[in-house]
Trainee: 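For reference, the structure I am asking about is given below.
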Amino acid sequence: MENNLKDKILQLKKKRGAKILAHYYQRGEIQDIADAVGDSYYLSKVAKDCNEQVIVFCGVKFMAESAKILSPEKTVILPVMDAGCPMADMAEGHEVEELKKKHPKAKVVCYINSSAEVKALSDVCCTSSNALNIIRNIDEEEIIFLPDKNLGEYIQEQVPEKKFIIWNGFCITHKRVRHKEIIQAKDIHKDMVIVTHPECEKEIRDESDFIGSTGEIINFVNTSSNKKFLIVTEEGVLHQMDSKDNKEFYMPGGSMVCVNMKKTRLEDVYNSLLNMKNKIELKEDIRIKASTALKNMHKLGG
Ligand code: 13P
Ligand code: SF4
């Protein structure tokens with residue numbers, strides 16, 4: 001049944017001239033049918049540079065919106081329209097405007113996990129894989145960083161010469177990790193390597209051996225000579241981890257799941273392609289303004 005659906009999606013994809021993109025937090029079967037699987041930055045580049053005129057973005061809304069912002073001529077489909085990111089909803093345009101008024105000299109750096117409206121009010125976007133590069137490439141001393149407090153603080157620790165004004169947003173999935181879970185895992189497996197996404201709280205990051213984006217975490221684990229890893233990010237990354245050489249993977253509290261990332265099923269991909277529905281539409285004035293921040297990300301973050 002599942003194979004049948006996969007075949008139908010692949011046929012339909014050909015017919016529509018579409019490219020299927022999937023984030024590493026997507027269900028395994030979605031990652032398996034995708035033309036490209038990656039972290040937010042990689043997928044943003046693929047969406048921008050691909051020749052296909054139809055993109056099916058299996059991820060959450062800000063990812064599909066970012067693709068549309070940079071490629072307005074392409075049809076960008078989000079298979080499940082209410083697959084959002086609660087962190088992206090933690091910063092609203094009018095609040096950002098207020099903060100900008102209080103700090104008129106600051107550059108506004110927004111995490112790609114933000115609405116198109118917030119991107120339109122920002123100078124440059126970033127993802128967890130390029131945030132450090134981007135901040136170092138900004139001349140201004142004062143930075144407003146939003147909406148993720150944890151990524152903002154993580155970057156601030158590495159660029160102490162800049163003054164950061166950091167929003168108070170967070171990821172509900174990464175916030176669930178308890179410090180004692182990390183300590184317990186370390187006590188049981190002394191040889192365990194802890195790999196963590198920077199959206200985690202400082203007390204978790206401070207216990208970690210490696211911190212990086214989803215793509216960087218997968219690359220670290222797959223090329224490491226260590227055998228045991230505690231994976232402190234969403235469980236979808238396990239699908240790309242190579243268990244050869246008897247590598248063992250553990251997760252804090254059993255597992256970490258982003259319910260929004262898991263909303264997309266094969267049926268949704270099939271139906272959205274069949275009916276060409278769930279197209280991302282943006283107000284043109286917002287899109288144009290937001291495109292500056294994303295273009296700056298690709299310029300400064302490469
Ligand atoms: P990456 O950029 O590391 O893929 O992260 C996206 C995300 O939403 C993490 O929660
Ligand atoms: Fe948003 Fe967190 Fe889900 Fe990433 S894992 S999409 S930040 S809710």
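Numbers here are sequence positions counted from 1. What you see below is based on every heavy atom in this structure, not just the backbone, and it leaves out hydrogens, waters and symmetry mates. One-based numbering, in listed order, for ligands and for the atoms of each.
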Trainee: Measure from the side-chain N and O atoms of Asn219 to the backbone N and O of Gly215, and report whether any donor-acceptor pair falls under 3.5 Å.
Mentor: no
Trainee: How about atom 1 (Fe) of ligand 2, which protein N, O or S atoms come within less than 2.8 Å?
Mentor: Cys85 SG
Trainee: Does Lys149 make a cation-pi contact with Phe170 (under 6.0 Å, within 45 degrees of the axis)?
Mentor: no
Trainee: Any idea which atoms of ligand 2 are less than 4.0 Å away from a heavy-atom of Glu199?
Mentor: 2 (Fe), 7 (S)
Trainee: What do you reckon, are the aromatic ring centroids of Tyr41 and His298 less than 6.0 Å apart?
Mentor: yes
Trainee: Any non-hydrogen side-chain atom of Phe145 less than 4.5 Å from a side-chain atom of Val108?
Mentor: no
Trainee: Could you check whether atom NZ of Lys295 has more than 12 heavy atoms from other residues, nucleotides or ligands sitting under 6.0 Å from it?
Mentor: no
Trainee: What does the N/O contact table under 3.5 Å look like for ligand 1?
Mentor:
unit_1: ligand 1; atom_1: 2 (O); unit_2: Ser40; atom_2: N; d: 3.4
unit_1: ligand 1; atom_1: 2 (O); unit_2: Ser40; atom_2: OG; d: 2.7
unit_1: ligand 1; atom_1: 3 (O); unit_2: Ser128; atom_2: OG; d: 3.1
unit_1: ligand 1; atom_1: 3 (O); unit_2: His197; atom_2: NE2; d: 2.8
unit_1: ligand 1; atom_1: 3 (O); unit_2: Thr214; atom_2: N; d: 2.8
unit_1: ligand 1; atom_1: 3 (O); unit_2: Thr214; atom_2: OG1; d: 3.4
unit_1: ligand 1; atom_1: 4 (O); unit_2: His23; atom_2: NE2; d: 2.6
unit_1: ligand 1; atom_1: 4 (O); unit_2: Ser40; atom_2: N; d: 3.2
unit_1: ligand 1; atom_1: 4 (O); unit_2: Ser40; atom_2: OG; d: 3.4
unit_1: ligand 1; atom_1: 4 (O); unit_2: Thr214; atom_2: OG1; d: 2.7
unit_1: ligand 1; atom_1: 5 (O); unit_2: His197; atom_2: NE2; d: 3.3
unit_1: ligand 1; atom_1: 8 (O); unit_2: Asn113; atom_2: ND2; d: 3.2
unit_1: ligand 1; atom_1: 10 (O); unit_2: Glu199; atom_2: OE1; d: 2.8
unit_1: ligand 1; atom_1: 10 (O); unit_2: Glu199; atom_2: OE2; d: 3.1

Trainee: State whether the side chain of Gln53 and the backbone N or O of Asn51 hold a donor-acceptor pair below 3.5 Å, judged by distance alone.
Mentor: yes
Trainee: Please identify which of these residues, Val80, Asp89, Leu78, meets the side chain to side chain contact (heavy atoms under 4.5 Å, CB included) condition with Lys61.
Mentor: Leu78
Trainee: Any salt bridge between Glu153 and Lys202, counting N to O under 4.0 Å?
Mentor: no
Trainee: Could you tell me whether the side chain of Lys186 and the main chain of Glu207 form a donor-acceptor pair under 3.5 Å?
Mentor: yes
Trainee: His239 and Tyr24: aromatic ring centres closer than 6.0 Å?
Mentor: no
